[in-house]
Amino acid sequence: MSADADQRAIRCLVAKVGLDGHDRGAHVIARAFRDAGFEVIYSGLHRAPDEIVQAAVQEDVDVLGISILSGAHNTLVPKVIEGLKEYGAFEDTLILVGGIVPDDDKAELKEMGVAEVFGPGTPMADTIEFVRQNAPDRA
Amino acid sequence: MSRSEQTDLVDRLLDGDHRALARTITKIENRSSGYRELVSALHEHTGDAEVIGITGSPGAGKSTLVDKLAKTYRDRGETVGVIAVDPSSPYTGGSVLGDRIRMASNVGDMEVFFRSMSARGALGGLSTATSDAVKALDAFGKDKVIIETVGAGQNEIDVVRTADTVVVLVQPGSGDDVQMLKAGILEIGDVFVVNKADMSGASKTVADLEEMIHLQGDPTSNLDLGHHGAGGGFEKPEVADRPDENEMNGEGEEGWTADVVETIATSGEGIDELIETLAAHREFLERSGRLTEKARTRYAEEIRTLLREDTGALLEGEIDRRGGMESFVDAVVARETDPYTVADELVEPLRDCLERDD
């Protein structure tokens, strides 16, 4: 019945982890996602992996976008993924990484469960389309 | 969602599973199929949480204050749920929910369940979604539930009214804002907080608010405060405890005069006093029977809202069956009929059905 009409919106957490103060990219992404009609929760700067996990679990986001420009992705991303698994939130969260990530590491991150890694120069439309296509279906 | 899945979700939520609570709120927000049964199942487990609504203009310091309140409650061993409502874009429906950034004092503390909600606009069902989400937090076992929202319009006012105690946050030097408050928010505030009290103009704002609060009540009953002020066991004289003879109904019901508290949320100054005031208001609600009264009004309003939505949906179906909205609009534009007649025609089957036995 239409009173129960699904009012689903794609929820995204845009997260900055660790000692990395460069948030322009995260802001741009947050704004672009907003304009694409997504609900964006922005974590703020210098978050610990635990905080990201807490936010992702409580906010029940469909998409977790982690922005890392410090090169510490191999340390921080696994911690976030571990935490999500602990709360049973890993399976149905689309995990994206944005930032400067060497090709070798990309493969490793994907192995871990990151769906895609977006480097510098990725057109915004590509990222948005990727989210639309791959956001987990939670009927 | 199948019935067993739903029971499973409810069981896990009652069992203290954070993920289940988060998913329940998502289903409430999305109005996923089966969410009604979900909320129905939760209802019997609710009624224990103290619900506090906080509103105020953007940048007044609501989120920072909520953070400090949550921290203080946690230090006292209580659990806290927070629902922070932010506006959504009227054009794309998208939103950036940024209140979480301020929750610095409760980092890593899973016993503070913080949930951002977007106003989503479309159907005006925000207050329904919020009060259902409050139920989920209540059933989960949170001692305090705080609803935070920007006090911009009627929609948001409806949201904070789902709370037992309403806190209105005001910035110093916002004379114009205070003028604006007169129109609506002032009437729903049980407690006023002048945040950023270290800024110049704070005492003026406090004085302005106090004056307005006094004007709001019956001026003659306020004159009696000096004789009876100590009667209610409150320390602060502002928490006026009016004796029976001043009440119109004479049933021993006591009044509550809104209190003004000064805080500096960033440093935590004044938070203890605010917490005391909130507790005093809670105590007042319980003692005077207003708490039950408020809950009853709320449930009545909830039932009415659901009925409006459900009958609205039934009638949408009727519109489709009769050829769609466009054809009715065409007829109205061509002056063949008018909106009232169309509405009458559409409601007719419903009316016939309901008034058959009259």
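The sequence lines fix the lettering, A, B, ..., with proteins before strands; numbering per chain opens at 1. Values in this document were obtained by computation on a predicted structure and should not be read as measured data.
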How about B:L307: does its CG atom have over 12 heavy atoms from other parts shown lying under 6.0 Å from it? yes
Nearest non-hydrogen partners of B:A22 and A:V57, listed with the distance: CB-O, 3.0 Å
Is it the case that over 12 heavy atoms from other parts of the model lie below 6.0 angstrom from the NZ atom of A:K79? no
Do the non-hydrogen side-chain atoms of B:F114 and A:E59 ever get within less than 4.5 Å of each other? yes
Ranked by heavy-atom pairs below 4.5 Å to chain B, first place among A:R34, A:Q58, A:R47 goes to A:Q58
Best-contacting candidate, B:D109, B:D17, B:L306, against chain A by heavy atom pairs under 4.5 angstrom: B:D109
Atom CZ of residue position A:R31 - does it have more than 12 heavy atoms of other residues, nucleotides or ligands inside 6.0 Å? no
Closest non-hydrogen contact found for B:R19 with A:G88 is NE-O, 3.6 Å
Does the side-chain contact (heavy atoms from CB on, under 4.5 Å) test come out yes or no for B:M117 and A:E39, once each step is laid out? CA-CA 9 Å; B:M117 262 169 109; A:E39 285 178 12; over 6 Å; no
CZ (B:R304) with more than 12 external heavy atoms under 6.0 Å: no
Please name the pair of heavy atoms, one in A:Q54 and one in B:V112, separated by the smallest distance, quoted to 0.1 Å. NE2-O, 3.8 Å
What part of A:A32 lies closer than 4.5 angstrom to a heavy atom of chain B: side chain, backbone, both or neither? neither
A quick test of your reading: do over 12 heavy atoms of other residues, nucleotides or ligands sit less than 6.0 Å from NE2 of A:H22? no
For a side-chain contact (heavy atoms from CB on, under 4.5 Å) check, start with the C-alpha distance between A:D50 and B:M110, then their side-chain angles and the critical distance, and finish with the verdict. CA-CA 10 Å; A:D50 283 357; B:M110 284 300 267; over 6 Å; no
Can you tell me how far the CZ atom of A:R11 sits from the OG atom of B:S116, to the nearest 0.5 Å? 6.5 Å
Within the structure provided, determine whether A:Y42 and B:L97 are in side-chain contact (heavy-atom separation under 4.5 Å). no
For A:D60 and B:R115, which heavy atoms make the closest approach, and how far apart are they? CB-NH1, 3.7 Å
